[in-house]
Amino acid sequence: MTENRAANNESSAAEEYELVTTRVINASPALVYEAWTKPEHLAQWWGPDGFTNTFHIFDLQPGGIWEFVMHGPNGVNYPNKSEFVEIGPERIVLRHLCAPYYQLTATFEDIGGKTRLTWRQLFESATVFNAIKKITLPANEQNLDRLEAQLQKMSV
């Protein structure tokens, strides 16, 4: 985790049902993109603190499926299924195909060798958004902390 996390982060509800988290990460966009697109890296950081992952399908192409189970620290398994909508070095878009339903858009902007990562989750309804936002905002921050830790390992 970066020491100046508060200065590098911004979270908001940009649209009525959208959560937006922005963080400046001390890694190149190419390395951040690799952490998102290589299953051996992604499995190490995806999810909040204490979670692990088992990937079953990871078909990284538009229309491809990503199917996996997140194993919670409480012993509960959370099956997940998403479809990749867009894949590119500056942007990844996926649609989460099981509850809670949302579209995730991650953008990677080069800012002098660092990356401004913007993570947008657009939920299907106000009901879903309101029910999950209190859990999702801190979980997204934990997820990005784990990404930063994985990037440090990848840089060695």
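Residues D49 and R146 have side chains in contact (heavy-atom distance under 4.5 Å, counting atoms from C-beta outward). Counting heavy atoms from C-beta on, the side chains of Q61 and I87 never come closer than 4.5 Å. In this structure, the side chains of I92 and F108 come closer than 4.5 Å at one or more pairs of heavy atoms. Annotation: side chain of Y102 is not in contact with side chain of I132 (no heavy-atom distance under 4.5 Å).
Taken from NZ in K153 to CH2 in W45, the straight-line distance is 13.0 Å, to the nearest 0.5 Å. Of the inter-residue distances, the one linking E141 atom CD with L144 atom CG reads 6.0 Å to the nearest 0.5 angstrom. With values rounded to the nearest 0.5 angstrom, Y101 atom OH is found 13.0 Å from R95 atom CZ. Distance check, rounded to the nearest 0.5 Å: CZ of F55 to CE of M70 gives 9.5 Å. In this structure, CD1 on I57 lies 7.0 Å from NZ on K81, to the nearest 0.5 angstrom. Expressed to the nearest 0.5 Å, how far NE2 of H71 lies from CZ of F51 amounts to 11.0 Å.
Residue H96 comes nearest to C98 through the heavy atom pair ND1-O, 2.8 Å, listed as atom of the first residue, atom of the second, then distance. When all heavy atoms of D110 and G113 are compared, the closest pair comes out as OD1-N, 2.9 Å. Residues A139 and P48 approach most closely at CB-CG, 3.8 Å, considering heavy atoms. The shortest heavy-atom contact between V24 and I111 is CG1-CD1, 3.7 Å. The two residues S82 and L94 make their nearest non-hydrogen contact at OG-CD1, 3.7 Å.
Tracing side-chain contacts under 4.5 Å through hydrophobic residues (I, L, V, M, F, W, Y), one never reaches V93 starting from L122; they form parts of separate clusters. No continuous path of hydrophobic side-chain contacts links L42 to I65 [ILVMFWY only; heavy atoms under 4.5 Å].
Evaluated for a side chain to side chain contact (heavy atoms under 4.5 Å, CB included) with R23, the options T115, L147, D145 yield exactly one hit, D145. Across W46, F84, F68, a single residue satisfies ring pair (Phe, Tyr, Trp, His ring centres under 6.0 Å) together with F58, and that is F84.
A donor-acceptor contact closer than 3.5 angstrom links the side chains of H41 and Q150.
Residue E124 places its CD atom among more than 12 non-hydrogen atoms of other residues, nucleotides or ligands, all under 6.0 Å distant.
For N80 (side chain) and Y78 (main-chain N/O), a donor-acceptor pair under 3.5 Å exists by modelled atom type. Proximity of a side-chain donor or acceptor of N74 to a complementary backbone N or O of V76 within less than 3.5 Å is detected. At least one donor-acceptor pair under 3.5 Å links the side chain of N53 to the backbone N or O of A43.
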Only pairs under 3.5 Å count here: list side-chain donor-acceptor contacts from residues 27-37, not counting sequence neighbours, and write none if there are none.
| residue | atom | partner | partner atom | Å |
| --- | --- | --- | --- | --- |
| S28 | OG | L31 | N | 3.1 |
| T37 | OG1 | Y33 | O | 2.8 |

